[in-house]
Amino acid sequence: MEKITVSAPGKLMLLGEHAVVYDRPCIVTAVGQRMFVTLESLPDPLLELEAADVKVTGYKRSFAELGVGEIPRGAKFVELAVKNFIEKHPLKNGVRITTRSEFSSLFGFGSSSASTVCVIKGLAELTGTKLSNKELFGLAYKTVLDVQGKGSGFDVAAAIYGGTLYFVTGGKVIEPIALDELPLVVGYTGVKADTVTLINAVAEKAARHPELIDGIYTQIGNTVDAAHAALKTKSWPLAGELMNFDQGMLEDLGVSTGKLSAMIHAARDAGAWGAKLSGAGGGDCMIALSSPGTKEAVSEAITKVGGQVIDVATNVEGVRIEP
Ligand code: PMV
């Protein structure tokens, strides 16, 4: 095959952030905004990259140089994904990769992990290499760890499997949750947050209060397990209440902000079953679980306190080859 386009969804964490870095479960849903990656064979062993969304154009590296020296921020995940793939499955030909995102990398929907998954899946298809989802997860998760050092891999799992997943650190458990709807309102704070900075801030707090923070992780894990059961039975008010518990514990970890809290309280006051931050905190997005009857009031309340409501489909299909 000479040319192929692969797409993968972004993600929204529903419950369990931070604790999932430390061997606890989380729940994540794949979102409708997708990353598209086109891969074309080149005669020489070379990576060429066009990723205009992250300001990378005309980028070229020989396969021998992959991962060596300074790599522009926008090229890191793709370059290391190619490196990790060819270390396992050597390639004679080079590859030209073009990425296009349907969502802004600002929202924290996981554009990096989605493009990593697309690149590895695309290279396998392009070269006729059989790759199970488990192997795809392994190579993509390694790439994320190579770039950012930390992370549970929940975003990689969402990009591969899609839907809504019960997930444990490093993919120890990846279990789809059958849902035909997920009534969420998503609000963006307007503030871009850096995941690794927040993970480090929580780790620093854990170093000072090891038992307290470990207890919080365990309680977050228990909350996730209870929410897992509530979602399976569509017990929305209970799931919302559990999201509120989780938010309280994220406040304890110190990752909420005044803006996030304002948006979360506005959503609850407007009738949401529950609301919490989604992702590492420090900015990015909040989510509110809301009945169809309160959705509009919840959206208005979030907007009134300065949030931007984003229209996102949830529970969507995972990585796929585009026609
Ligand atoms: O900032 P996001 O949306 O990538 O979410 C990070 C969630 C953490 O649990 C803090 C990190 C992780 O990899 O699970």
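Nothing here was measured: the structure is a model prediction, and the numbers come from that model. Heavy-atom basis, side chains included; hydrogens, waters and symmetry copies ignored. When a ligand or atom number is given, it counts from 1 through the structure's own listing order.
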In terms of atom number and element, which parts of ligand 1 are under 4.0 angstrom from non-hydrogen atoms of E17? 9 (O)
Could you list which atoms of ligand 1 come closer than 4.0 Å to a heavy atom of G151? 13 (O)
Under 4.0 Å to a heavy atom of V20 - the qualifying atoms of ligand 1, by number: 9 (O), 14 (O)
When distances are taken from atom 7 (C) of ligand 1, the protein heavy atom at minimum range is F154 CE2, 3.7 Å
Just distances here: any N/O of T195 and N/O of ligand 1 closer than 3.5 Å? yes
Test salt bridge (Lys or Arg N to Asp or Glu O under 4.0 Å) applied to R24 and D214, step by step: CA-CA 11 Å; R24 271 72 169 196; D214 196 62; 3.2 Å; yes
V21, portion touching ligand 1 at heavy-atom distance under 4.0 Å: side chain
Specify the protein heavy atom at minimum distance from atom 9 (O) of ligand 1: its residue, its atom name, and the distance to 0.1 Å. H18 N, 2.9 Å
So is there a nitrogen or oxygen of A280 less than 3.5 Å from a nitrogen or oxygen in ligand 1? yes
Run the salt-bridge test on E181 and K234 with the 4.0 Å N-O cut-off and return the result as yes or no. yes
Are S113 and T116 close enough that a side-chain donor and a side-chain acceptor fall under 3.5 Å? no
Restricting to pairs with a member in residues 196-206, which pass side chain to side chain donor-acceptor pair (under 3.5 Å), not counting sequence neighbours? K150-N200, D194-T197, E204-R208
Does the ring centre of F154 sit less than 6.0 Å away from the ring centre of F167? no
Of all protein heavy atoms, the one nearest atom 12 (C) of ligand 1 is S152 OG, 3.4 Å
Ranked by distance from atom 2 (P) of ligand 1, the top protein heavy atom is K11 NZ, 3.5 Å
Carefully, step by step, assess K121 and E135 under the rule salt bridge (Lys or Arg N to Asp or Glu O under 4.0 Å). CA-CA 10 Å; K121 176 84 178 172; E135 288 169 284; over 6 Å; no
Measuring only between side-chain heavy atoms, which start at C-beta, is S291 closer than 4.5 Å to W236? no
